[in-house]
Each structure stands twice: as C-alpha cells, then as structure tokens.
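Before any comments, here is the structure.
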Amino acid sequence: MAEQAGNVRPAVLVARRIFAETVERLRAHFDVETNDADDEWSQEELIRRLQGKDGALLTGTQRVDAPLLEACPRLRIVANMTVGYNNFDVAALDAAGVVGTHAPDVLTETTADFGFALLLAAARRLTESERFLRAGQWRRWSVDLFAGAEVHGTTLGILGMGRIGQAIARRGAHGFGMRVLYHNRRRLDAATEAACRATWVDKDTLLRESDHLVLVLPYTPENHHIIGAAELARMKPTAVLVNLARGGIVDDAALAEALRQRRIAAAGLDVFEGEPHVHPGLLEVPNVVLTPHIASATVPTRRAMADLAADNLIAFLTQGRALTPVNHPPRRRG
Ligand SMILES: O=CC(=O)O
C-alpha cells in the first residue's frame, strides 16, 4: 500500500463506473479500486470488495445495513452520489459509527426540468403520439387527434416540498402560470411559500384539486404506497400523476389498473417498485410515459453528483469533516 507523509493512504471503493476525472481526483488522495465493467455486485461481492476499505463511493443502489457494516470493520464513510439515501440504514450507520453522505442541491434544477418534461409528455401524449407516427398510422389531421390535458393555467400539486419540489413549484407558477398547491409534513416558511407561489393544503385537498400531481418525497417506510388505489380514486379523472421520487411511493399495480380504467388520465414515471423491473400492467397501457430513472441525467449534473460524493470522501478522510452528511454518529469509527 502506498504511503503519504508517513501515513498509510486510505483505501476507497468506487462501486460502479463513474467519470474518469472523478476517479483521478480520488487517486490523488487514496488507493482506489473501481468497477470499470460497471457490474452490479451481489451483497456478498460488495462486502468482499469493501474489505480493507475506509470509504466507498456508491450510486444509491447498494444496500448499506448492519450485516454489511459488521462485515466491513474498517469502513468509515459511505458516500452516495444520489440525493436519495434509502439504500442506507441510517440507524445501523449511527450504531456502527459510520458516516453516510448524499448529493443534495447539485441535481435540483436538472431534476425539476425533467419533472416538467414528464408532466408535459404525459399531459400532451408525446410518446403515445410519436409511437403512432413511427408505426406509420398517421393518415390525416383530425380535430381530436391525441388531444391531451392542458398544462398552463391549471392546478399543479406537489407532494413533498423539499428542494426539488420547490424548483418544480417555481417552474409551474412562474413559467406556466399554474396555481400551485403542496402538501408536506412541515409547512414552508412564508417567504419560501411566496417565492414558489405555493399554498399548503392537506393531502386530501391536494389529491382532489390537482390537475397535475408531482411526487417528490423521499422513500421511507411511512411513505410506502402513499399513493395507492384509495388515493388514485380521489384524484380527478382528468389528472396526470408524475413520480420522480422513488419506486414504492406509488402502488404500481394500483396505478396500472387506474390508468387502464382511465380513472386518471395519464402518468409520467421515472421510478418503479423493484426497478429495473417494471410492473407489466404499466407496460401494457398507452397513457403512461416511462423512463429509466434518468431525472438527474445530464452530463454536467451527473458529473457534479459524482464530484460531490468524491469531495465528501476527500473532506472526511483527509480532514475528518463530511460536506453533506445524512447522519452524525454519536461515536465515530477510526
Ligand atoms: O434518484 C436519484 C437521486 O436520489 O439522486
């Protein structure tokens, strides 16, 4: 192992393929093992690769739980390059004295852009009409050909009003002249509400009054299936649902059925229960736009996310202070 100023250099695992420049930055400080084949390792393989590692750069899909932490006694920091961190058992991190970090802020605006892309695509039947054209079925102009739902001037509902929810609210209010309603456990302060031109309502009102409902809340056990058959039944039959948050927030089977029966008009989904598996019922209905978890996927934003994870590893392992931690373990390892 290489030496730095008489000390052993920390060792870091990068669990999936990321940008070469980010790996180079890590190599300036650490011994780095990468996964250039971009394999999705089993938990056993991940644990094997983490032996002797002080830190790991993760992509939000690797589970970090008590058995892993117990099996990797040298590990001191796990750095997600995603903002979501439902792959971490935070109580287990605290108990093991391991710091977890995530990547907030750097993806907010890009993800909000994509939220609107999905909303517009679902409301205006973009992919459905493109499939029709590509299949050679377009014969003539018709007055109601792929007539969809209006977007400007309608009511935008946001469930989960964190950074991304607020960025979507600003786009809706200022860009599309929408009335913005939101529901969040904690109400925003008055200045933030005014900047977003957003009004807090209870969840039931949000479901009943939204023309377009965007989900941007974190996945937690309490949020599991927060949108299921009962909630879908309360929405307008003309409503559009967008899930940018996490699989498991929506009961995908219930949503497929609601879309099939046209109990809501359309949906735009970037995340799925058990992804990359997609509920077969969703693949069968035309009135849903489906994308493979790419809301933050622009090159500059994915670079910024990987760089923030690397910066967390560098700051923590060289100076003892993580930049964007999700926990503050009472007693730290190492
Ligand atoms: O899903 C993406 C993220 O959490 O950053």
Side-chain angles (χ1 to χ4, degrees), residues 14-19 22 38 40 56-65 77-90 93 99-119 121 158-168 171 184 214-227 241-250 252 255 267-279 282 289-313 322-327:
V14 179
R16 292 291 301 274
R17 181 171 56 76
I18 57 164
F19 302 97
T22 312
D38 208 20
E40 195 123 48
L57 193 154
L58 306 177
T59 55
T61 51
Q62 301 82 6
R63 198 170 75 250
V64 179
D65 54 12
I77 174 169
V78 282
N80 263 1
M81 63 171 277
T82 50
V83 65
Y85 54 92
N86 52 303
N87 59 318
F88 293 164
D89 178 338
V90 176
L93 286 174
V99 171
T101 68
H102 69 148
D105 300 320
V106 288
L107 48 60
T108 299
E109 300 299 330
T110 299
T111 303
D113 286 349
F114 196 80
F116 253 89
L118 268 185
L119 190 162
I158 300 176
L159 186 56
M161 197 63 156
R163 303 170 185 86
I164 298 170
Q166 291 169 38
I168 291 170
R171 281 160 178 74
N184 209 37
V214 183
L215 311 176
V216 261
L217 62 177
Y219 181 84
T220 60
E222 304 81 67
N223 290 343
H224 184 74
H225 287 187
I226 198 165
I227 300 294
L241 178 73
V242 172
N243 187 6
L244 271 190
R246 274 290 180 274
I249 298 262
V250 175
D252 284 350
L255 176 60
L269 309 174
D270 188 47
V271 288
F272 305 88
E273 276 189 287
E275 63 188 48
H277 172 76
V278 176
H279 191 284
L282 291 171
V289 178
L290 306 166
T291 54
H293 203 147
I294 56 167
S296 64
T298 65
V299 174
T301 292
R302 285 282 162 92
R303 278 185 193 279
M305 293 161 67
D307 279 343
L308 180 52
D311 287 342
N312 267 300
L313 288 165
L323 305 176
T324 49
V326 304
N327 68 330

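Note that ligands are numbered from 1 as they come in the structure, with each ligand's atoms numbered from 1 the same way. Just so you know, these numbers come straight off a predicted model, no measurement behind them.
- Between Arg171 and Glu109, at least one side-chain nitrogen of the basic residue sits less than 4.0 Å from a carboxylate oxygen of the acidic one, meeting the salt-bridge criterion.
- Annotation: ligand 1 has protein neighbours Thr82, Val83, Gly84, Leu107, Arg246, His293, each with a heavy atom less than 4.0 angstrom from the ligand.
- Between the Asn243 side chain and the Gly247 main chain, no donor and acceptor come within less than 3.5 Å of each other.
- Across every non-hydrogen atom of Leu57 and Ala306, the tightest pair is CD1-O, 4.0 Å.
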Hey, mind stepping through Thr101 and Leu323 against side chain to side chain contact (heavy atoms under 4.5 Å, CB included) and telling me if it holds? CA-CA 8 Å; Thr101 68; Leu323 305 176; over 6 Å; no
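- What you find for Asp270 and Pro292 is that their closest heavy atoms are OD1-C, 3.9 Å.
- For the pair Arg16 and Thr61, the tightest heavy-atom approach, listed with the atom from each and the gap, is NH1-OG1, 4.4 Å.
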